[in-house]
Amino acid sequence: MTQKPLLSLDSSGLGCESGRFHVDPWRPVDQAVITHGHADHARSGSKAYFCAEGSGDILRQRLSGDFQLTEVPYRKKFKLGKTWVSFHPAGHVLGSAQVRVEGLQSVWVVSGDYKRNADPTCEGFEEVPCDVFISEATFAMPVYHWKEGIEVVKDLQRWWSAEPNHPSILFCYAFGKAQRVLAELSKLTDRTVYLHGAIETLMPAYRNRNVSFVPNQTVSSVERGHAFAGDLILAPPSAHRSAWMKRFKNPQTAFASGWMQIRGARRRRGYERGFVLSDHADWSGLVRSILASQAKTVYLTHGQTEVLSRFLMEEHGLDVKPLKTHFGDEQIEEQFAESVS
Amino acid sequence: MKAFGRLYQRLDSTTSINLKVEALVQYFEETPPRDAAWGLNLLLGKRQRRMVTSRMLRDAFLRSFPDFPEWLLEESYGHVGDTGETVSLLLASRGICPNESQHSVSLSSWMEDRISKLSGKEDQQRAEKIFEWWSRLSVDECYLLNKLLTGGLRVGVSQKLVVRALSKWSGISEAELTHRLMGEFEPSEENFQRLLSEGGGKKVPSQPYPFFLASPLEENDWKSLDFNHLQLEYKWDGIRAQLIFREGEVFLWSRGEDLITNQFPEIVEAASNLPQGTVLDGELLCWNEDQPLPFSFLQKRLGRKKVSSKLLESHPCILLAYDCLEANGEDLREHSLKERREILEKLIQDCDEPRLKISSCLSADSKESLEILRNSSRDFGAEGLMLKKKESPYLSGRKRGHWWKYKVDPLTLDAVLIYAQAGSGRRANLFTDYTFALWKDSELVTFAKAYSGLDQKEIEELDRWIRQNTRERFGPVRSVEPFHVFEIAFEGISESNRHKSGIAVRFPRILRWRKDKVVSEADTLMNARKLLEAA
Ligand SMILES: [Zn+2]
Ligand SMILES: [Zn+2]
């Protein structure tokens with residue numbers, strides 16, 4: 001007789017039967033354990049939510065309807081059904097967590113989204129030993145290799161300051177990436193950076209957690225005559241080519257994303273400049289984290305699972321399976337930003 | 001190479017025309033002529049010698065990093081779509097490249113003393129040499145080096161912008177520079193200085209004139225057409241070429257500025273009966289009695305080092321001339337087409353060579369009679385009509401309002417997508433190269449490849465679908481579930497024993513995505529053969 005796995009996919013998402021909860025469910029359930037507040041992971045409609053400390057403000061802001069929310073500090077075990085659950089830093093965005101689930105027979109860790117590069121807006125990734133590791137694989141190709149965020153932001157600042165006569169608009173995801181840029185910039189300059197409304201809505205959650213930023217204010221709070229010449233403006237990708245852009249005369253534009261690593265992708269997006277800055281792990285970050293988990297069985301979600309699977313099986317003898325989830329659709333996050341802008 | 005690398009980065013990181021020109025001007029200003037000559041050569045995308053193949057470059061990487069699985073390199077290449085870029089990204093992740101380049105070798109010395117010395121080396125020696133370079137160059141420079149090695153460097157500027165920058169810097173007019181840059185440009189200090197000298201130095205006999213191109217006839221062009229002042233010709237489906245006979249030597253240039261003289265010995269022989277100092281613009285065609293043969297015949301004659309006498313006999317070519325740019329050594333481009341045509345007619349008549357014919361003029365006095373001519377043009381082996389104002393000078397490039405092309409509607413078939421491959425350049429890492437098939441009984445047989453015709457949104461939608469519906473992978477190629485039907489347009493269709501389907505089509509492209517059709521409704525090979533018989 002084979003043991004029923006601690007976690008498995010059902011129509012609502014990744015469920016834990018003995019714990020009577022789901023991790024990042026895509027349909028309403030009774031108990032939802034949330035890795036982080038990105039729209040493809042945190043969906044409305046469930047009755048009770050559990051998240052790591054730091055994620056609460058974001059979820060309260062983004063989830064609709066009536067619900068109960070429990071914020072739990074990192075590493076503190078709490079009991080759900082017959083399992084012990086705890087959150088561990090994932091280094092992805094503010095309050096992002098890996099979910100460790102301890103059943104009677106085994107320990108599973110669901111990574112959620114994670115990265116291994118330093119990020120001043122959130123606690124760094126923690127390596128958590130387990131039997132089964134469910135890892136994301138968004139950038140699971142060896143051609144993806146990140147420089148440290150501060151190095152990229154230095155390049156960004158050079159790009160910005162080389163254009164004193166026109167606005168410089170950086171497009172980036174409203175939750176996480178924008179704040180990471182603002183926090184890194186605070187080490188380099190004290191010039192004011194202007195924000196699109198969709199980014200501003202997330203700022204209070206960060207201020208509550210005492211993250212320090214470069215001075216910033218919303219574009220809409222600036223008086224009409226201001227031309228933004230030589231200024232840096234941050235906006236979500238959905239604002240590109242929208243009416244909102246009319247306010248800026250002959251701006252230079254850039255996009256900050258891991259996808260910008262590849263020239264073809266850069267050109268296609270129609271931005272002049274691409275900064276390779278991602279909140280997901282690069283290839284070596286993925287491999288390193290998966291091996292460090294000591295898990296004998298690995299499930300992969302998000303993106304390029306086949307190549308990483310083969311690599312882990314052939315080169316490291318792990319048992320690797322793909323897991324078909326609804327995560328990793330950055331378009332959902334983009335649409336979300338649009339709906340609140 | 002540092003200076004060129006910097007220029008490359010600057011051009012690559014802006015879409016502003018002014019900034020691009022500014023960067024180019026600064027490059028020419030600061031670069032010694034011997035390097036600028038090479039830089040110019042690369043900027044213009046003039047033919048580059050390929051010192052190593054993409055395969056060899058990947059081989060050099062695998063030899064340098066024996067622990068890196070070969071399949072993983074292939075997958076990476078499939079994802080990125082470009083070997084030079086893939087390898088440079090992998091080098092970056094390996095951390096062997098220094099942040100700052102440790103090479104101060106000039107571009108010319110790279111090209112003349114290093115890269116060119118690679119050929120003839122053994123695989124292992126070559127790999128060692130390349131690895132030594134990689135480990136001393138910055139990542140960006142490794143990318144550049146890889147592209148120089150494989151001869152595939154494309155810089156994000158048009159020839160127009162390069163000429164504009166050169167003109168701004170040198171004070172020589174753009175038109176003059178465009179002409180001086182026609183034909184071959186051997187990158188040397190001497191040639192670069194001559195290019196920019198007073199009077200442009202002495203012209204070499206081989207130098208062609210820039211081609212003048214027609215624009216497609218659009219709806220609102222009709223009102224500016226005056227049939228009394230129009231010269232009408234067929235639009236031929238061959239190769240546009242410029243024939244030069246100067247100082248006892250014949251040169252034949254294609255529109256892409258390739259010298260194709262050696263591929264058409266019969267034309268060379270015929271042209272030496274022209275008076276010295278003659279330049280003709282015309283179409284190369286395979287010809288039988290008084291009709292052109294399909295393009296596939298001409299194709300057989302292309303890309304060969306030597307043309308056998310057997311092929312000369314079975315696939316005879318002619319030049320169908322339609323313009324005269326130079327007679328008795330005099331540049332006629334400022335003269336009207338009417339005058340040039342008279343000179344051309346006399347030249348061809350006096351020369352009396354069956355291999356040099358003149359493209360005859362047609363006549364129409366109304367839109368209706370023009371349409372009739374156009375619709376029957378396929379019967380004469382043409383693909384439509386050319387409309388030229390009789391008073392038009394011979395300009396360069398595409399300038400509207402003088403010459404128009406009015407093509408016949410394309411032939412179309414509904415075909416099924418069966419293979420996809422990532423594109424290159426700006427489409428790298430998106431599946432944009434498609435292979436389509438037609439039904440032969442219950443089997444789908446490959447019939448055409450097409451790269452263009454979908455808009456960005458459709459491309460992305462299809463890309464996603466392909467990733468989710470891949471059946472098998474063969475290196476960068478994926479076979480997909482036969483599911484989507486596309487209407488494929490093409491200009492011509494002919495027999496071919498090189499293709500499994502037995503037919504070859506010209507200029508296939510996607511006309512539209514037939515989401516309203518299911519696979520079983522796609523066309524059959526039989527339908528294609530019917531078009532063939534009608535053609
Ligand atoms: Zn996320
Ligand atoms: Zn995600």
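- Taking each heavy atom of A:Tyr114 and A:Ser135 in turn, the nearest pair found is OH-OG, 2.9 Å.
- When heavy atoms are compared at a cutoff of 4.5 Å, A:Gln261 approaches chain B by way of both its backbone and its side chain.
- For A:Trp283, the part sitting under 4.5 Å from any heavy atom of chain B is the side chain, from C-beta outward, and nothing else.
- Considering only residues two or more places apart in sequence or on other chains, B:Arg63 meets the side-chain contact (heavy atoms from CB on, under 4.5 Å) condition with B:Asp59, B:Asp123, B:Gln124, B:Ala127.
- By the 30° and 60° cut-offs, the orientation of the rings of B:Tyr143 relative to B:Tyr8 is tilted.
- Your options are A:Lys147, A:Glu314, A:Glu272, A:Arg310, and the one with the most heavy-atom pairs under 4.5 Å with chain B is A:Arg310.
- Residues satisfying the ring pair (Phe, Tyr, Trp, His ring centres under 6.0 Å) test with B:Phe61, not counting sequence neighbours, are B:Phe65, B:Phe68.
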